[in-house]
Amino acid sequence: MPRTLITSAIPYINGIKHLGNLIGSQLPADLYARYARARGHEVMFICATDEHGTPAELAAAKAGKPVADYCAEMWQVQKDLADGFRLSFDHFGRSSSPQNHRLTQHFAGRLAEAGLIDERSSRQVYSNADGRFLPDRYIEGTCPNCGFEDARGDQCDNCTKQLDPTDLINPRSTISGSTDLEVRETKHLYLKQSQLKDKLDAWIDSQDGWPVLTTSIAKKWLHDGDGLQDRGITRDLDWGIPVKKGDADWPGMEGKVFYVWFDAPIEYIAGTAEWAEAQGKAEADWRRWWRTDEGAEDVRYVQFMGKDNVPFHTLSFPATLLGSGEPWKTVDYLKSFNYLNYDGGQFSTSRGRGVFMDQALEILPADYWRWWLLSHVPESSDTEFTWTAFQTDVNKDLADVLGNFVSRVTKFCRAKFGEVVPEGGNWGAQEEALIKTLTGRLDTYQLHMDAIEIRKAAGELRAIWVAGNEYLQEAAPWSTFKTDPARAAGQIRLALNLIRLYAVLSAPFIPDAARAMLSALGTEDDAWPEDVRVALAVLPAGHGFTVPDVLFAKITDDQREDWAERFAGTRA
RNA sequence: GGCGGUAUAGCUCAGUUGGUUAGAGCAGAGGAAUCAUAAUCCUUGUGUCCGGGGUUCGAGUCCCUGUACCGCCA
């Protein structure tokens with residue numbers, strides 16, 4: 001049995017994500033996980049929340065809560081929304097878990113032993129009032145260059161000159177507004193990525209068939225300018241994973257934590273360890289997914305992420321894994337996405353522009369969003385979400401082509417034969433032609449899904465739905481029924497089986513509707529078709545069914561206008 | 001300022017390593033059917049493939065250049 005490890009980029013903890021974030025990693029990852037399971041793979045699908053760092057601390061402070069409490073609450077919120085979208089994670093973890101603490105410290109220790117970590121001193125701004133060091137963007141002051149009063153610590157937005165926080169005149173903390181700041185000497189750990197440059201370069205060259213987007217971004221970081229730079233992996237914060245060398249203390253690093261980008265990808269591994277604990281499994285049960293010396297040599301590991309995350313997954317995280325000198329599983333295929341734009345502009349979390357995950361589920365069932373987003377996933381370039389396109393596409397594809405097919409077949413059968421699969425009639429040329437068409441299209445569909453060519457797969461699935469309508473149109477059971485009822489019965493028996501086949505093939509995209517279809521047909525048989533001819537005979541004559549409710553109600557013009565207005569501006 | 005991406009039918013997008021009359025879905029037009037969520041099916045595209053150069057027997061597809069939009073970085 002093939003084994004597939006799937007991870008989705010982990011969403012940051014502060015706040016609810018918008019649809020652009022969803023389609024950029026979690027949703028396509030879920031599609032692939034569902035498909036792989038349906039094809040009989042043993043799948044481990046991991047996601048988590050990314051909880052450390054200054055933004056989380058500030059969001060918690062704003063909410064008036066301890067950061068740990070805030071993160072726990074927001075984790076639950078994100079977990080519920082993931083469930084709402086039917087994201088089928090085997091585990092949805094937290095980067096703040098004990099497992100991640102241990103693993104992160106372990107990796108740091110291994111890297112130190114390998115001579116890949118440097119201690120370097122730097123001068124940074126400390127705020128006495130806030131009791132903390134301030135990252136560049138949390139310091140503002142007057143620009144020494146142009147006199148602009150709200151220049152940030154890293155750059156003046158007025159004259160665009162790059163700044164060092166210590167250059168600012170009358171600097172102040174943007175957290176508290178305090179001007180009681182001083183410059184302190186502080187030591188930090190740096191991961192010597194530059195020493196791993198050739199190894200990473202060779203590793204990327206050894207990958208076959210990665211999307212151009214992925215490799216071009218990685219190559220640029222490797223070769224641009226002075227090449228891959230060393231990166232600081234620690235911070236002067238309270239909230240995070242304490243700096244340790246494995247189990248041992250790290251002299252000089254007391255009170256410091258690892259920087260969020262260092263521990264976040266390690267959470268993929270830790271999340272699998274969390275899964276094992278939650279399932280009451282042994283250590284070996286998760287290690288067989290991640291250690292090539294403990295059973296992971298036959299695992300295929302696929303990552304999903306937006307293009308902004310590519311450098312971390314092609315360089316930083318592999319640097320951690322390869323640099324450890326241990327046989328950890330590295331990614332085999334990295335699927336990256338462009339951005340989804342909203343109605344002529346960007347989705348914006350800060351301005352509340354666009355549709356957020358909670359709002360989306362308030363107005364429509366998950367399947368509507370899943371279908372539209374997946375069939376328009378920004379694979380080769382940025383894509384545009386517009387309400388009119390959403391309305392016409394969803395109405396056409398889901399309501400008219402698929403939903404109405406189910407409706408017309410089941411209702412016709414009920415009217416002429418009752419709610420039971422009718423008996424009689426044999427397959428003729430039309431049926432043979434349909435089987436031939438479907439066999440070819442199924443083959444293509446699988447090819448696209450295997451290659452994670454999502455838009456093409458969606459197009460093929462839609463064509464499979466259309467083939468059913470074409471068949472009905474040609475077979476015209478409403479017509480044959482008048483002259484040859486047995487023939488009509490045979491046609492409808494085939495059409496009812498077609499509904500079951502559609503449920504199975506569509507389930508990765510629209511799991512709820514798929515379940516509703518199977519349920520209406522009174523069957524649990526959701527086996528992936530090995531042979532179309534056989535699959536179209538699963539429901540035998542005499543098998544009872546019920547006419548389901550409308551699968552997909554259409555989106556009305558009023559709804560569309562209402563939503564377009566509601567989500568255009570600021571989030572309530 | 002540096003870097004990257006994108007510019008293809010009214011709209012959203014496909015177009016493998018350059019090769020014959022540039023495609024799909026939607027929208028539009030015409031027709032068929034009437035089982036169905038007024039849902040389906042068939043037919044229908046005279047597009048300067050952003051502009052300008054160049055390489056080539058041949059370029060949407062490669063090179064140079066200009067323009068527009070969008071990101072990323074410091």
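Bear in mind the structure is a predicted one, so any value in this text is a computation, not a measurement. Just so we're on the same page: letters track the sequence lines, and every chain starts at 1.
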**Q** Would you mind classifying the nucleic acid contact of Leu551(A) as base, sugar-phosphate or nothing, using non-hydrogen atoms under 4.0 angstrom?
**A** base

**Q** Partner lookup for G30(B), please. Criteria are Watson-Crick or G-U wobble with both distances under 3.5 angstrom; report none if nothing qualifies.
**A** C42(B)

**Q** Starting at the 5' end of RNA chain B and moving along, which residue's nearest nucleotide shows up first, Lys456(A) or Ser479(A)?
**A** Lys456(A)

**Q** What is the pairing partner of C49(B), taking Watson-Crick or G-U wobble pairs with both distances under 3.5 Å in any strand?
**A** none

**Q** Can Phe412(A) be called stacked on C35(B) when the rule is centres closer than 5.5 Å and an angle between planes below 30°?
**A** no

**Q** Under 4.0 Å, heavy atoms only, any strand: does Phe552(A) hit a base, just the sugar-phosphate, or nothing?
**A** base

**Q** Please compare Trp372(A) and Leu402(A) by the position of their nearest nucleotide in RNA chain B and report the one closer to 5'.
**A** Trp372(A)

**Q** Without hydrogens or angle criteria, can the side chains of Asp557(A) and Gln391(A) be said to hold a donor-acceptor pair below 3.5 Å?
**A** yes

**Q** Would you confirm whether the ring centroid of Phe385(A) sits within less than 6.0 angstrom of the ring centroid of Tyr342(A)?
**A** yes

**Q** In whole Å, what separates the P atom of U56(B) from that of C63(B)?
**A** 16 Å

**Q** What integer number of Å spans the P atoms of A7(B) and U46(B)?
**A** 23 Å

**Q** Quantified in whole Å, what is the P atom distance between nucleotide C41(B) and nucleotide G54(B)?
**A** 49 Å

**Q** Taking pairing as Watson-Crick or G-U wobble with both contacts under 3.5 Å, can you name the mate of U67(B), or confirm there isn't one?
**A** A7(B)

**Q** Could you work out the separation of U65(B) and A29(B) based on their P atoms and round it to a whole Å?
**A** 47 Å

**Q** When the P atoms of C64(B) and G5(B) are compared, how many Å lie between them, rounded to an integer?
**A** 12 Å

**Q** What integer number of Å spans the P atoms of G45(B) and G4(B)?
**A** 41 Å

**Q** So, applying ring pair (Phe, Tyr, Trp, His ring centres under 6.0 Å) with Trp465(A), which one of Phe405(A), Trp371(A), Phe552(A), Phe509(A) is it?
**A** Trp371(A)

**Q** Identify the nucleotide, in any strand shown, that forms a Watson-Crick or G-U wobble pair with A59(B), with both distances under 3.5 Å; if there is none, say none.
**A** none

**Q** With both distances kept under 3.5 Å, what pairs with U21(B), Watson-Crick or G-U wobble?
**A** none

**Q** When we call it a touch if two heavy atoms are under 4.0 Å apart, what does Lys554(A) touch: a base, just sugar-phosphate, or nothing?
**A** base

**Q** Could you please name the partner base of C35(B), counting Watson-Crick and G-U wobble pairs only when both distances are under 3.5 Å?
**A** none

**Q** Could you tell me whether Ala389(A) contacts a base, only the sugar-phosphate backbone, or nothing, with contacts defined as non-hydrogen atoms closer than 4.0 Å?
**A** nothing

**Q** For the pair Asp397(A) and Arg462(A), find out whether any cationic side-chain nitrogen is under 4.0 Å from an anionic carboxylate oxygen.
**A** yes

**Q** Using the C1' atom as the reference point in each nucleotide, state the distance between U44(B) and A36(B) in Å, no decimals.
**A** 26 Å

**Q** If you look at every heavy atom in Leu434(A) and Ala467(A), which pair is closest and at what distance?
**A** CD1-O, 3.8 Å

**Q** Determine: side-chain N/O of Arg462(A) to OP1/OP2 of C26(B), distance under 4.0 Å, yes or no.
**A** yes

**Q** Any strand counts, and the cut-off is 3.5 Å on both contacts for Watson-Crick or G-U wobble. Which nucleotide pairs with C72(B)?
**A** G2(B)

**Q** Mark yes or no for a side-chain to base donor-acceptor pair under 3.5 Å between Asp400(A) and A39(B), with no hydrogen or angle criteria applied.
**A** no

**Q** Just to be sure I understand the rule, does Val466(A) reach a base, reach only the sugar-phosphate, or reach nothing, if contact means heavy atoms closer than 4.0 Å?
**A** sugar-phosphate

**Q** Between A39(B) and A32(B), how many Å separate the two C1' atoms, rounded to a whole number?
**A** 15 Å

**Q** Under a 4.0 Å threshold between the charged nitrogen and the carboxylate oxygen, would Arg120(A) count as salt-bridged to Asp230(A)?
**A** yes

**Q** So, under a plain 3.5 Å distance rule, would you say the side chain of Gln473(A) forms a donor-acceptor pair with the base of U40(B)?
**A** yes

